[in-house]
Amino acid sequence: MNYQRPDLIDRLASEYVLGTLRGPARRRFEALIRAYIPARRAVHWWEQRLAQLAIEVPPVTPPAHVWPRIAQRIAPQPARTAESRVTATRWWQTLAAGLAVIAIGLASVLTLRTPEIQVRTVQPAQTAIVADATAPLWLVNAYPETQQLYVRAMRAIAADPGRVFELWMLPTSGAAPVSLGLLPASGEVSLPLPPAAAQVLAASSTLAVSVEPLGGSTTGAPTGPVVFTAPLLQSRG
Amino acid sequence: LVADTVDPSMLAHLSADTQRLTECMRGLNEHQNRCIRLAFLDGLSHEEVAQTVSSPIGTVKSWIRRGLLALKTCLTS
C-alpha cells in the first residue's frame, strides 16, 4: 500500500480513530503512526474532531471503589494505611490538575519502577514529558548538580529517514530557543547540561522538539518544523 | 442517540468545534450518521454495525467511508 498518498493516510486515520480499522491493518497503521509524522497529524486531527461526538453521551459517575483500585495498580502501596489513603486522594487531585502535574505523577511512577533511577536520590530540578496525542514519547529530567540531562525514550519513535529529533528549551523571556541536544530513538541517554544551559533551563517553562537533518541543526536555531512541545516543570520550585 | 437530541439552546454553550461537528454530522445522510455513531460511541466493528442496522457489510463500510469523507469536507470547508 502506498502510504505516501495523503487521501489514503487520511482515510486510514479516520477509520483508526473511529475504531473500525482492526486486526493486521490496525497494527500496520499503528507502526506508521510511530514512524511517519503526517500519519500522526492526521490521527490527531480526527481525534480532536470525533471526540466532540462524545459530548452527547451522558456522564456516568464511577463507583467509589474504582479509583483506589486504579491507584493500586499503577502505583502499588505496601499496605492500606492512613497515609496511603491520603496518597490516593492526592493522586485524584493530581490527575484533575492537568497534564503538567500528571507529568510529575508519571515521573514518580517511573522512579518507583525503574531500578537505575531508584538509586538516584536527588530529585531532578526540572522534569518534562514530551507526548503526542496518544502517549508519552520522552521523559526529560535535568540534574544541574552533575551537569546532566537524562532523556528516556518511553516509546520507540524515529524521525523520517535522514532526520533526527532535536530538543529545545524556550526561555520565558521570549529569547531564542536554545538546543539541549538530540533525542534518542530508543533507550536512555545523558546529555551534557553545562551551568549556562542549566540557568536558561531554570528560566524556561516549555520544551520543544523540532525535526532536523542528521547531526542536528547547524544554525543554532530550529530549522525544521516543531512537531512537539511540552510543559517544563520546575520540580524543586 | 442522534444529533437531533441535542437541545438547540445548548448549542450556544458548546465550543465552536463541537457545534461545527454537530452541524456537519447533521449534513450526513441518516445511514452514514447512524453507522459512524455506532462505530465511535458504541465501539462496534463493521460486522457489528452491519448486524445492528440489518444491512450488508459492504454497504455499511461504504456508508462509513463516505460519511467520514463528507465530514472531512464539511469540517475543512
Side-chain angles (χ1 to χ4, degrees), chain A residues 1-30 32-33 36-62 66 70 96 98-99 132-135 225 229, chain B residues 1-8 10-28 32-53 57-77:
Chain A
M1 219 181 271
N2 179 5
Y3 286 128
Q4 302 292 329
R5 279 175 47 199
D7 57 329
L8 179 62
I9 292 280
D10 200 67
R11 181 163 78 73
L12 290 170
S14 66
E15 298 236 3
Y16 173 80
V17 175
L18 193 69
T20 47
L21 189 69
R22 299 197 174 193
R26 188 176 187 87
R27 288 194 289 278
R28 279 196 302 275
F29 191 66
E30 275 168 350
L32 187 70
I33 295 171
Y36 189 52
I37 289 169
R40 207 146 56 223
R41 286 211 188 103
V43 166
H44 185 62
W45 190 92
W46 279 103
E47 281 173 340
Q48 296 286 308
R49 301 307 179 289
L50 290 183
Q52 310 290 333
L53 275 181
I55 206 157
E56 294 168 24
V57 179
V60 176
T61 308
V66 170
I70 294 174
L99 181 67
D132 67 7
T134 53
T229 60
Chain B
L1 280 169
V2 292
D4 297 333
T5 58
V6 177
D7 179 351
M10 270 178 63
L11 283 182
H13 300 289
L14 301 177
S15 74
D17 282 354
T18 307
Q19 202 170 335
R20 191 74 197 273
L21 185 86
T22 306
E23 282 165 10
C24 289
M25 284 297 287
R26 279 192 182 143
L28 304 184
Q32 296 169 342
N33 192 317
R34 178 150 190 237
C35 291
I36 286 177
R37 280 167 200 282
L38 285 170
F40 187 72
L41 295 177
D42 296 332
L44 302 191
S45 65
H46 281 136
E47 291 80 1
E48 291 162 338
V49 173
Q51 282 173 13
T52 307
V53 302
I57 185 165
T59 310
V60 162
K61 282 186 182 176
S62 163
W63 282 335
I64 289 180
R65 189 165 62 241
R66 288 183 192 172
L68 289 170
L69 211 56
L71 259 192
K72 173 88 180 184
T73 307
C74 175
L75 287 167
T76 52
S77 65

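Residue numbers begin at 1 in each chain, while the letters A, B, ... track the order of the sequences.
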Nearest-0.5 Å distance, CG of residue A:L18 to CD1 of residue B:I36: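 Reported to 0.5 Å precision, the distance equals 6.5 Å.
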Could you grab the distance from atom OG1 of A:T20 to atom CG of B:L38, nearest 0.5 Å is fine?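 Rounded to the nearest 0.5 Å, the OG1-CG separation comes to 12.0 Å.
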Atom group of A:D10 that falls short of 4.5 Å from chain B, counting heavy atoms: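 Side chain of A:D10 only, per the 4.5 Å heavy-atom cut-off to chain B.
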If I compare all heavy atoms of B:L68 with all of A:W46, which pair ends up nearest, and what's the gap?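 For B:L68 versus A:W46, the nearest heavy atoms are O-CH2, 3.3 Å.
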B:L71/A:L50 under side-chain contact (heavy atoms from CB on, under 4.5 Å): CA gap, chis, key distance, verdict: CA-CA 10 Å; B:L71 259 192; A:L50 290 183; 4.1 Å; yes
What part of B:L44 gets within 4.5 angstrom of chain A, counting heavy atoms only: side chain, backbone, both, or neither?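 For B:L44, the contact with chain A is made by the backbone alone.
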List the steps and the verdict of side-chain contact (heavy atoms from CB on, under 4.5 Å) for A:E15 and B:H46. CA-CA 10 Å; A:E15 298 236 3; B:H46 281 136; 3.4 Å; yes
Do you know which of A:R22, A:Q48, A:R49 has the most heavy-atom pairs with chain B at a distance under 4.5 angstrom?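 Ranked by contacts with chain B, first place is A:R22.
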Verify the neighbour count for atom CZ of B:R66: are there more than 12 heavy atoms of other residues, nucleotides or ligands below 6.0 Å?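 Check fails, neighbour count at 12 or below.
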